[in-house]
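Data first, discussion second: the structure below is written as structure tokens.
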Amino acid sequence: MATVSEILQERLQDALRAIGIGNGGLLQATPTADPRHGDYQTNAAMVLGKKLKQKPRSLAGRIVAHLSLSDIGIAEVAGPGFINFRLSPDFLGHRLHELALDERLGVERTENPKTVVIDFSSPNIAKPMHVGHIRSTVLGDALANITRFLGHHVITDNHIGDWGTQFGKIIFGWKHLLIAENLDSDPVSELVRIYREADTAAKKDSAILEECRQELVKLQRGDNENRRIWQRCVDLSIEGFAKIYDLLGVRFDYQLSESFYNPELPRVVQELQERGFAEVSDGAVVVWDRALSEDPFIIRKSDGGYPYAATDIATLQYRLDRWRAEAIWYVVGAPQQLHFQQLFSLARRLGYQGDLQHIAFGSILGEDHKLMRTRSGESVPLQALLDEAVLRATAIVAEKNPELSEQERRSVSRIVGIGAVKYSELSQHRMTDYIFSWDKMLSLQGNTAPYLQNAYVRCRSIFRKLPIPFSATISIILREQAELRLAKKILQFPDIVSAVLDGFKPNILATYLYDMAAEFHGFYESCPVLSAEPAVREARLILCDIFSRLLRTGLHLLGIQVPEKM
RNA sequence: GCGUCCGUAGCUCAACUGGAUAGAGCGUCGGCCUCCGGAGCCGAAGGUUGUGGGUUCGAGCCCCGCCGGACGCACCA
């Protein structure tokens with residue numbers, strides 16, 4: 001099923017051919033910002049007028065005269081040469097009926113499915129996940145859901161940081177500072193503690209620093225004991241991550257960690273040297289790209305170790321070779337932009353095909369407008385943050401709806417609390433540094449998850465009052481302004497979903513859902529459903545049915561659940 | 001110093017990739033509950049889009065210069 005925009009664009013192309021303008025390039029028909037300008041508009045006449053040196057208004061007039069739109073609505077020329085479209089109630093009713101019968105709500109699968117690897121979350125072993133990981137995790141998951149929904153073959157891969165110089169200190173700490181009981185009760189905290197203490201000790205005592213280095217070297221050479229300790233650290237940490245991913249409802253197809261690529265690193269560096277892309281500089285092996293930066297891309301350190309640049313190249317090769325990836329998207333914070341520019345630039349020079357994207361995002365700030373920290377100045381652990389979200393939601397739900405059973409309240413609180421955190425990320429443009437506020441994200445008013453979830457619940461409660469289960473029947477006749485407005489908004493859904501990937505901006509889906517919920521409330525206010533006469537009631541029930549399914553689907557694409565009551 | 005990102009209502013944020021009179025929420029002020037969940041709806045006030053130029057039918061968006069902020073710049077990831 002073509003989207004409304006696509007239908008209008010096709011009709012435009014037909015009209016252009018009719019007046020002898022064959023290939024006008026890509027035409028756009030978009031929803032208008034102001035209802036006085038109709039429902040959709042195109043600036044095709046102005047764009048083409050410039051190209052063909054014709055007056056935009058008269059060209060627009062000729063286009064309109066040749067537009068065949070009787071089944072859709074009407075078109076008119078306006079302003080400097082816009083063509084405005086108004087959709088007829090018949091057309092809206094017809095489309096709505098189609099959506100009612102379509103599980104995918106009008107969203108077609110792409111005709112060109114691609115294999116897309118999405119790399120996100122990527123926490124580090126022996127460190128707790130903190131607020132810095134939430135954006136990557138939530139954004140990556142939402143993009144994966146949407147990309148998959150559009151029919152692409154998506155592979156999600158959690159590239160866990162399980163290798164690196166910190167392990168010298170962790171192993172030293174494990175051997176000298178570990179407290180077994182702590183490891184049982186809260187393993188990740190204990191790993192953090194021994195790392196910190198070893199780090200402090202190493203700074204004060206160069207003998208300890210040297211010992212840490214030796215532990216690292218032993219690990220890298222495959223020493224049995226160190227290898228075993230490392231594996232324990234990895235296992236314990238991954239268990240901790242899994243609890244958080246469960247709570248968030250995020251899953252990965254793969255969790256191939258950095259160490260997975262270790263065996264490939266010498267070959268990677270050697271090949272780059274042999275092919276002339278890498279050279280030795282100050283004892284390190286580096287790749288220069290002066291056009292990008294005066295700083296080199298270091299693929300082997302002067303001590304022989306391999307930094308993550310080397311791992312990233314090996315990872316890239318693996319994804320291209322093994323998975324036949326046509327696109328690889330990295331959902332990683334903005335500070336690493338240079339790294340990815342260097343990586344992608346090298347990949348292109350090596351002749352690697354594929355759509356490589358660094359999907360960058362801004363930071364989360366506290367209410368003081370500075371990077372979000374705990375009172376003691378550390379980054380906020382994600383587990384604690386999510387627990388607090390659920391706790392706060394529990395209090396709100398208990399107050400607003402005391403009639404829920406204990407079990408319902410627990411389930412709803414989790415959906416609301418986790419949804420609020422996710423939505424506050426996703427409703428914002430990904431590049432903005434945004435201010436974390438419990439009160440705002442859990443507010444029942446405004447562009448928040450609880451507001452949307454409540455709109456869903458309100459709508460669903462209508463269906464609970466029906467004597468028999470609802471099923472959409474025949475035709476739909478819409479007359480009221482509020483009905484028509486809601487219908488028009490609903491029909492934009494397929495265009496919006498695909499637009500999200502154009503710039504990787506889930507926030508436009510979020511904003512759309514919010515706008516639609518606002519239209520629903522207007523409709524709900526002025527158009528009684530259950531008490532309406534049968535034909536009207538049927539049409540309104542269909543509107544409600546599509547609205548609730550669409551809201552649920554849209555939120556699911558964002559990784560957010562909806563409760564039936566709250 | 002070089003590079004990247006950002007600057008929009010008192011506050012928090014949008015603006016469908018260059019479209020028409022820049023939109024929401026919070027806060028402020030004023031209306032609406034014999035009616036499906038008022039967790040809602042309707043209305044008012046609030047702006048020289050940091051600033052100065054440029055490009056064109058048309059700029060919050062593109063280009064150049066300033067001002068202010070965040071981040072990154074050789075062996076951490």
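Every chain is numbered from 1 and lettered A, B, ... according to where its sequence line falls, protein lines coming before strand lines.
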Practice problem: Taking side chain to side chain contact (heavy atoms under 4.5 Å, CB included) as the test, write out the residues that go with A/A334, two or more places apart. | Solution: A/A360, A/M431
Quiz item: From B/G40, B/A77, B/A74, pick the nucleotide closest to the side chain of A/E258?
Solution: B/A77
Quiz item: Once each nucleotide of nucleotides 13-27 of chain B is scored for protein heavy atoms under 4.0 Å, what B/S/- sequence comes out, 5' to 3'?
Solution: SSSBB-BBB--SSS-
Quiz item: So, for A/F241 and A/H133, is the gap between ring centers shorter than 6.0 Å?
Solution: no
Quiz item: Are A/H339 and A/Y330 close enough that a side-chain donor and a side-chain acceptor fall under 3.5 Å?
Solution: no
Quiz item: OP1 or OP2 of B/U12 sitting under 4.0 Å from any side-chain N/O of A/H369?
Solution: yes
Quiz item: Syn or anti: how is B/U17 classified when any glycosidic angle within 90° of 0 counts as syn?
Solution: syn
Exercise. Classify the glycosidic conformation of B/C61 as syn or anti, calling it syn when the angle lies within 90° of 0.
Key: anti
Quiz item: Of the candidate nucleotides B/A74, B/U4, B/C36, which contains the atom at the shortest distance from the side chain of A/Q337?
Solution: B/U4
Self-check item: SB check A/R36 A/D34 (cutoff 4.0 Å)
Solution: yes
Exercise. Please give the nucleotide sitting opposite B/G72 as a Watson-Crick or G-U wobble pair, both distances under 3.5 Å, or none.
Key: B/C2
Self-check item: Pairing partner (Watson-Crick or G-U wobble, both distances under 3.5 angstrom) of B/G40
Solution: B/C32
